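Contents: one structure, followed by commentary.
So that the names make sense, note that chain A is the first sequence line, chain B the second, and so on, each numbered from 1. What you see below is based on every heavy atom in this structure, not just the backbone, and it leaves out hydrogens, waters and symmetry mates. This structure is a prediction, so every number in the text was calculated from the model and none was measured.
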There are 2 protein chains.
Amino acid sequence: MEQLIVIKIGGNIIDDEAKLSSFLKTFASVEGKKVLVHGGGKLATRLSAQLDIPQQMVEGRRITDAETLKVVTMVYAGFVNKNIVAQLQAAGTNAIGICGADGNAILAHKRRGAAIDYGFVGDVDAINTDLFQTLLNQDINIVVAPITHDAQGQLLNTNADTIAQEIAKGLSQAFDVSLVYSFEKSGVLRNAEDDSTVINEINPVSYQQLKAEGAIFAGMIPKLDNAFAALNSGVQKVIIGKAEELGQLIKGQAGTTIRAEA
Amino acid sequence: MEQLIVIKIGGNIIDDEAKLSSFLKTFASVEGKKVLVHGGGKLATRLSAQLDIPQQMVEGRRITDAETLKVVTMVYAGFVNKNIVAQLQAAGTNAIGICGADGNAILAHKRRGAAIDYGFVGDVDAINTDLFQTLLNQDINIVVAPITHDAQGQLLNTNADTIAQEIAKGLSQAFDVSLVYSFEKSGVLRNAEDDSTVINEINPVSYQQLKAEGAIFAGMIPKLDNAFAALNSGVQKVIIGKAEELGQLIKGQAGTTIRAEA
């Protein structure tokens, strides 16, 4: 099967113009079919502050009220998404920017039954794999903003990590999918404070050993559990590392590669 | 050839939630392939004011400085575009929202050589008809925000009327294109103050007569000249009227229909 790379970039890249520009040039130079999922960085927070929209936080989680939804729709699906696409076009890579409402790409429902009312936050129900395939088969790379819809006219703020994972899983029937999560660290670290302690490969057996040794920072465990869930749903490999090292991450020369088998 | 309807809606519809919702339901009920081009209404102006971005006007034209470009990208390509798409999905019509950078849909260049420096304003160079056809042939309607790009990474604010016209012209090789301009009035009026004086049909011969009689309001003449330019470039008909009457406009039961031949 043909290769597909699904890459999630975090706010630390979005917020840094030079880093983002450099990342996009590398992204453009990676051959083959690609999906890029982005968050919005601090720009949404800053814009909310400028507009005097109070940030409601409950237990460390941001609540998406109607005004905040408007801001994240403007920033994520508008400013960030279109600037990324324009830069990719400049780098000679054709790309289209979408949110989950576009072509019914990502159907979700407003989160329900949670102890906290998160507001206009969506949990993903389905990926429209036909749309992704139609575009990818025309050699159009896809840039996804983390806004979904409920098919009733409501846009919903949705976690970008989850979107990347669902796209990777959904397309794993049609492609050999590598899912790349980029974040601030160089990979999964034995010592969270020391970037030179990257664990190069993790498989289910070594994962159990590493956990037993207490060698994995607690904050990484949900990420790794998600990675194994993706692998169990057909994704070929999950790579965790720094966006700045994208080229090496894909080749297995940097970051942590997680595989379903030893 | 198959029919294609290219519809431009103005700010008066975008700014009125109930009117927009009603328009989109009618749009969804119109059979066949459709492209919707929208402006941004007063929301961009309001957001600029909230953010203390001064509106620079020169000879009645708004100048798009860097901060204003950011605002219009957020509002047009983000908030307005994605809410229209979500509402169309809710009405059972598949649609994808794009700006000119997406899939290299609309290539433009920063306006040059004008007596006034309009800032980040684009004049259209080319429509990517392949992209439009790929999407339309999958029965995906296209919603276009009036932001283009220059293929060098720069987004550009671009007149929505011009975008609609260029799309209609570009696709007239592949489709029988009707171009619908919606605005506040019921059509081209003999008496600009009286909505009951709509001229139902205009052709090149009657246009000359109407102009000679002084029966056409001066402000309409550039619009009509543009309509004839579109017809001369292969567009089948141009219809001018109220967005609220979309169903009747398309059937020739309301508004003004402009044809290349008597």
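Proximity of B:T68 to B:I63: side-chain heavy atoms (C-beta onward) are nowhere separated by under 4.5 Å. Using a 4.5 Å heavy-atom threshold, the side chains of B:N157 and B:F120 count as separate. With contacts defined as side-chain heavy-atom distances shorter than 4.5 Å, the pair A:K70/B:L43 qualifies. Side-chain contact between B:D65 and B:Q56 is present, with at least one heavy-atom pair separated by less than 4.5 Å. Contact annotation: the side chain of A:F175 never approaches that of A:M1 to less than 4.5 Å [non-hydrogen atoms, C-beta and beyond].
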Decide yes or no on side chain to side chain contact (heavy atoms under 4.5 Å, CB included) for B:M74 and B:L47, but give the supporting numbers first.
-> CA-CA 10 Å; B:M74 293 196 297; B:L47 186 60; 4.1 Å; yes
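Judged purely by distance below 3.5 Å, without hydrogens or angles, the side chains of A:Q55 and A:S48 pair a donor atom with an acceptor atom.
For a residue to count as touching a neighbouring chain, one of its non-hydrogen atoms must lie under 4.5 Å from one of that chain's; by this rule A:N83 touches chain B with backbone and side chain alike. Contact annotation for B:L24: neither backbone nor side-chain heavy atoms come within less than 4.5 Å of a heavy atom of chain A.
The shortest non-hydrogen separation linking A:E184 to A:K242 is O-NZ, 3.0 Å. Among all heavy-atom pairs drawn from B:A105 and B:L131, the shortest one is CB-CD2, 3.7 Å. The two residues B:S29 and B:T26 have their closest heavy-atom pair at OG-O, 2.7 Å.
The CD atom of B:Q173 sits 10.0 Å away from the OG atom of B:S233 when rounded to the nearest 0.5 Å. A distance of 11.5 Å separates CD1 in A:I106 from CG in A:D125, rounded to the nearest 0.5 Å. Rounding to the nearest 0.5 Å places CG of A:L171 at 12.0 Å from CG of A:D176.
Of all residues in residues 158-169 of chain A, none places a non-hydrogen atom less than 4.5 angstrom from a non-hydrogen atom of chain B. Listed in order of number, the residues of residues 84-103 of chain A that approach chain B to under 4.5 Å between heavy atoms are A:V85, A:A86, A:Q87, A:Q89, A:A90, A:N94, A:A95, A:I96, A:G97, A:I98, A:C99, A:A101, A:D102, A:G103. When the heavy atoms of residues 7-21 of chain A are compared with those of chain B, none of the residues falls under 4.5 Å. Listed in order of number, the residues of residues 132-156 of chain A that approach chain B to under 4.5 Å between heavy atoms are A:T134, A:L135, A:Q138, A:I140, A:H149, A:A151, A:Q152, A:G153, A:L155.
More than 12 heavy atoms of other residues, nucleotides or ligands shown are found within 6.0 angstrom of CD on A:Q50.
No side-chain donor-acceptor contact under 3.5 Å links B:S182 to the backbone of B:L246. Remark: the backbone N or O of B:G122 is not paired with any side-chain donor or acceptor of B:K110 at under 3.5 angstrom. Checking side-chain atoms of A:K82 against main-chain N and O of B:T73 turns up no donor-acceptor pair under 3.5 Å.
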